[in-house]
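Reading through the structure tokens given below for one structure.
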Amino acid sequence: VQLQASGGGLVQPGGSLRPSCAASGIIASFTSMGWYRQFVGKQRELVASITSSGRTNYADSAKGRFTISGDNAKNTVYLQMNSLKPEDTAVYYCNAFRIYDYWGQGTQVTVSS
């Protein structure tokens with residue numbers, strides 16, 4: 001399984017980004033897919049996840065601002081991030097779970113004026 005993340009970048013506070021995660025397999029075959037982030041010197045933490053049945057879960061910090069979605073035709077999962085704050089600055093990682101955890105490379109998100 002290969003996960004290719006892209007779509008990070010530099011954005012001003014209040015702006016939006018939509019990272020994407022393209023999977024080498026059929027995303028509906030995974031138990032769940034998600035986005036995690038890692039702050040400097042901290043452990044990786046869940047931002048949002050979506051199950052194969054479409055159930056979503058969000059960290060409290062993401063609720064109301066971020067939306068995770070999947071496009072089965074493109075085998076791609078997206079994380080729409082709105083109202084970004086400087087404290088959202090981190091490396092964001094795509095994850096897929098099916099018996100094992102699979103990780104994509106990180107994509108840097110920087111929120112700064």
Side-chain angles (χ1 to χ4, degrees):
V1 175
Q2 292 186 331
L3 303 173
Q4 182 68 41
S6 61
L10 172 65
V11 65
Q12 292 186 341
S16 299
L17 283 174
R18 194 180 76 149
S20 62
C21 174
S24 61
I26 300 173
I27 62 173
S29 71
F30 295 109
T31 303
S32 67
M33 294 191 70
W35 286 92
Y36 288 68
R37 64 187 180 186
Q38 188 166 18
F39 302 110
V40 174
K42 302 292 186 180
Q43 289 189 331
R44 205 169 290 185
E45 63 180 39
L46 175 70
V47 178
S49 65
I50 184 168
T51 68
S52 56
S53 62
R55 180 173 295 182
T56 57
N57 181 48
Y58 296 92
D60 287 343
S61 59
K63 289 178 181 177
R65 299 188 300 130
F66 296 179
T67 302
I68 189 170
S69 63
D71 185 333
N72 290 337
K74 296 182 178 180
N75 290 320
T76 300
V77 173
Y78 303 95
L79 183 66
Q80 178 68 46
M81 303 192 295
N82 299 327
S83 303
L84 282 162
K85 306 174 182 179
E87 51 263 43
D88 294 316
T89 296
V91 179
Y92 285 69
Y93 293 90
C94 177
N95 169 270
F97 177 76
R98 182 180 63 217
I99 303 177
Y100 303 105
D101 277 307
Y102 299 92
W103 296 95
Q105 89 287 5
T107 184
Q108 176 70 46
V109 170
T110 302
V111 185
S112 175
S113 56

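Since the model is a prediction, treat every value here as computed from it, not as a measurement.
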In this structure, CG of Leu3 is separated from CG of Asn95 (nearest 0.5 Å) by 7.5 Å
Answer yes if Tyr92 and Leu17 sit in the same cluster of Ile, Leu, Val, Met, Phe, Trp and Tyr residues linked by side chain heavy atoms under 4.5 Å apart, and no otherwise.
-> yes
Pairwise distance SG(Cys94) to OH(Tyr78) - rounded to 0.5 angstrom | 11.5 Å
Going through the distances and angles, do Ser6 and Ser20 end up as a side-chain hydrogen bond (donor to acceptor under 3.5 Å, both in side chains)?
-> CA-CA 5 Å; Ser6 61; Ser20 62; 3.2 Å; yes
What is the minimum heavy-atom distance between Leu79 and Ala48, and which atoms define it?
-> CD1-CB, 4.0 Å
Residues, nucleotides or ligands: over 12 heavy atoms within 6.0 Å of Gln2 CD = no
Judged by atom type as modelled, is there a donor-acceptor pair below 3.5 Å linking the side chain of Gln105 to the main-chain atoms of Ala5?
-> yes
Do the non-hydrogen side-chain atoms of Leu10 and Ser112 ever get within less than 4.5 Å of each other?
-> yes
Is there side-chain contact between Arg98 and Ser29, with heavy atoms separated by less than 4.5 Å?
-> yes
Co-membership, hydrophobic cluster, residues Tyr100 and Val1, 4.5 Å side-chain | yes
Measure across Ile50 and Gly70 and return the closest heavy-atom pair with its distance rounded to 0.1 Å.
-> CD1-N, 4.4 Å
How many angstroms lie between CZ in Arg65 and CG in Leu84, if you round to the nearest 0.5 Å?
-> 6.5 Å
Report yes or no: do Tyr93 and Val109 belong to one cluster of Ile/Leu/Val/Met/Phe/Trp/Tyr joined by side chain heavy-atom distances under 4.5 Å?
-> no
With Ser61, the side chain to side chain donor-acceptor pair (under 3.5 Å) member among Glu45, Arg37, Glu87 | Arg37
Answer whether the closest heavy-atom distance between the side chains of Ile26 and Asn75 falls below 4.5 Å.
-> yes
Could you tell me whether Asp88 and Lys85 make a salt bridge, using a distance below 4.0 angstrom between a side-chain N and a carboxylate O?
-> no
Could you state the interatomic distance from CE (Met33) to OG1 (Thr76), rounded to the nearest 0.5 Å?
-> 8.0 Å
Group every Ile, Leu, Val, Met, Phe, Trp and Tyr by side-chain heavy-atom contacts under 4.5 Å, then state whether Val91 and Phe66 land in the same group.
-> no
Can you tell me how far the OG1 atom of Thr67 sits from the CG atom of Asn82, to the nearest 0.5 Å?
-> 6.5 Å
Hey, is the main chain of Gly64 close enough, under 3.5 Å, to the side chain of Tyr58 for a donor-acceptor pair?
-> no
Side-chain contact test, heavy atoms from C-beta onward, threshold under 4.5 Å: evaluate it for Trp35 versus Met81 and give yes or no.
-> no
If you take all heavy atoms of Ala28 and Ser52, which pair is closest and at what distance?
-> O-CB, 3.5 Å
Closest approach of Gln38 to Gln43 (non-hydrogen atoms, all atoms of both residues) = CG-C, 4.2 Å
Strictly by modelled atom types, are Thr89 and Thr110 linked by a side-chain donor-acceptor pair under 3.5 Å?
-> no
